[in-house]
Amino acid sequence: MHRRLIAPGALAAASLMLAIPASAAAYQPGAPGVGDPYYPYYGNGGYDVSHYDLRLKYQPRTDELEGTATVLATATQDLSRFDLDFLLDVSEVRVNGAKAAFATSGQHELEITPAAPLRKGTPVTVVVRYSGVPSTKSAYGFTTWHRTPDGAVAADEPESAWWWFPSNDHPSDKATYDVSVAVPDGTQAISNGTLQSTTSRLGWTRYAWRSGKPQATYLATLAIGRFDITTGTSEGGVPVINAYSKDLGDNDGAARASVERTGELVDWLTGYFGPYPFSSAGGYVPDTTTGYALETQTRVYYSPKQFANGSNTSVVVHELAHQWYGDDVSLKGWKDIWINEGFARYAQWLWSEHEGEGTTQELADYVYASHPADDPFWTVAPGDPGPDDQFDIAVYDRGALAVQALRNEVGDDAFFAVLKGWPKEHAYGNASVADFRTYAEKVSGKPLGALFDTWLFQPSKPAVSAARAVSLARTSAAVTRPRSWKQIAATNDVHGG
């Protein structure tokens, strides 16, 4: 669950981001963006990253961060120059061992010119030494580096990496990670994956974390502060690591009562989505004033505000569902956000049914009846909502309606086969809405073009006659609010940040 940060309509046209034609000179600069129409300058062209090794040191008192990033990649074209997305101050860059020239451009581009050009297919090792105060940096008028009373947090969507490590910042270029962070004794550093080691020397403690499965840059997280860390193993054998700020105040009990059920909920979700895809699970609740949660891979970020009105297992279910739908299988482009949010929302509906607080059909009926035909809710197309509405409530609720429509159209056997088969079909990769439709048609044996068009792309409320697949048998006057709706709706505040 996330917030919308920037409308990139003022950016240059995506056509500027396309790869250099093969007919051009042998060595050319990599494009300063992958060409995503929502965010043309996000990510970069010309190379593919396989691993990030980040060795960092952070002083919470001053917000000073220094680090050395080693980026392992492969050139995907003959490169004379390439970009990384980054905001902090760079002191040195090396490419394959040799010092490289570097400069900054645009809002967040670090331009690197290696001493010798790179031929397509060449393994590339980029070392970037840097330092700075992340909270003083901004791009497009915002920051995603969140200061806390005892440290800081990097967790946001669609971007957060620029403030703490140089990267190819687009979900289409996933990589593995080693994140090693030194902090003053008494402070902890939390990141994704599993904790490999903890060492102390001269008043500093270094925490080394490893993510051994491919991970999108926006799903990488860093949290520094004073935490109470709990560890355990789910009944199904998944290691669980949770962390809670020592300054959560009145929200502490509700946060723990929710997040400590992570292992149970991971095991429950495996019944729908298949084996858990990563080496650990868990979440952390820092002392922030933000309002959203985020599915940072293996280590979910939760705002204390998620638990201001009491425990909420529904939001935990939502973010854990993303570990399959969004993290394991990531979107190809940001327009494919429905695959992330529609299915994570639907997981909340499944949990509601499991808890006896409203079936998925009752929730679908309620959502449909709650929005009259002239409600702007229906003008947002979850299958391609546009950058301004990428995290609109319709992407979640109308998106879940589309999932229920699919279920009623193909029947439970085919539907649950699709639900569990999809993460396996595209494990650790990227996929689009079109890919999902193709897969659902293959498994169900039914043409689904009209259904997908009606529920995901038409800017209008489907008529009941056209929406027979949703089985809307009741009039709006007869639809009652399911008991689970309060918890589900409590997660909606995140859209405003």
Side-chain angles (χ1 to χ4, degrees), residues 1-9 37-39 157-158 291-295 314-315 318-319 321-322 325-326 331 333-350 352 358 360-408 432-434 436-437 450-464 466-467 469-470 472 476 479 481-482 484-497:
M1 309 283 287
H2 330 287
R3 62 173 180 167
R4 180 76 185 98
L5 291 173
I6 178 175
Y38 284 19
Y39 307 98
E157 183 182 24
Y292 59 93
L294 182 67
E295 65 270 19
S314 187
V315 70
H318 182 106
E319 302 305 335
H322 275 308
Y325 280 77
L331 37 72
W334 282 109
K335 70 181 179 63
D336 300 308
I337 192 69
W338 169 71
I339 298 179
N340 293 20
E341 302 304 347
F343 286 86
R345 175 65 99 217
Y346 196 75
Q348 293 177 272
W349 291 12
L350 289 167
S352 168
T360 61
Q361 188 60 62
E362 288 168 345
L363 283 157
D365 289 346
Y366 180 72
V367 169
Y368 184 89
S370 297
H371 299 279
D374 60 353
D375 191 327
F377 175 89
W378 299 108
T379 66
V380 176
D384 187 0
D388 294 330
D389 292 320
Q390 186 181 352
F391 301 113
D392 187 89
I393 190 63
V395 175
Y396 296 74
D397 286 348
R398 184 178 173 181
L401 269 177
V403 179
Q404 182 69 22
L406 174 66
R407 177 178 178 177
N408 291 334
S432 66
V433 173
F436 186 86
R437 173 189 157 187
L451 182 139
F452 272 64
D453 184 59
T454 296
W455 290 99
L456 293 180
F457 295 101
Q458 287 301 314
S460 57
K461 182 174 184 176
V464 173
V470 187
L472 293 163
S476 58
V479 174
R481 189 178 80 171
S484 61
W485 188 254
K486 184 176 179 181
Q487 271 208 346
I488 293 172
T491 66
N492 295 342
D493 292 341
V494 302
H495 301 289

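We're numbering straight along the sequence, starting at 1.
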Contact check, side chains of [X] and [Y], non-hydrogen atoms, under 4.5 Å:
X: Ile337; Y: Pro385; result: yes
X: Phe391; Y: Tyr292; result: no
X: Val433; Y: Lys335; result: no

Take the angle between the ring planes of Trp349 and Tyr346 and call it parallel below 30°, perpendicular above 60°, tilted in between.
tilted
Parallel, tilted or perpendicular for Tyr366 and Trp485, by the 30°/60° rule?
perpendicular
N/O donor-acceptor pair under 3.5 Å between Trp338 side chain and Gly383 backbone
no
Closer than 3.5 angstrom, by distance alone: can the side chain of Trp378 be matched with the main-chain N or O of His371 as a donor-acceptor pair?
yes
Is it the case that the side chains of [Y] and [X] hold a donor-acceptor pair, with the cut-off being a distance below 3.5 Å and no angle test?
X: Arg345; Y: Thr491; answer: yes
X: Tyr39; Y: Gln390; answer: yes
X: Asp384; Y: Tyr38; answer: yes

Heavy-atom closest pair, residues Arg398 and Val380:
NH1-O, 3.0 Å
What are the two closest non-hydrogen atoms of Pro382 and Val395, and how far apart are they?
CB-CA, 4.2 Å
One pair to check against ring pair (Phe, Tyr, Trp, His ring centres under 6.0 Å): Phe343 and Phe436. What are the steps and the verdict?
CA-CA 12 Å; Phe343 286 86; Phe436 186 86; 5.0 Å; yes
Gap between atom CZ of Arg437 and atom CG of Leu456 - 0.5 Å precision
10.5 Å
Regarding Lys461 and the six-membered ring of Tyr368, is the cationic atom NZ or CZ under 6.0 Å from the ring centre and inside 45° of its axis?
yes
Under the side chain to side chain contact (heavy atoms under 4.5 Å, CB included) criterion, do Gln487 and Gln348 qualify, and how do the steps go?
CA-CA 9 Å; Gln487 271 208 346; Gln348 293 177 272; over 6 Å; no
Walk me through it: do Tyr396 and Ile488 pass the test side chain to side chain contact (heavy atoms under 4.5 Å, CB included)?
CA-CA 11 Å; Tyr396 296 74; Ile488 293 172; over 6 Å; no
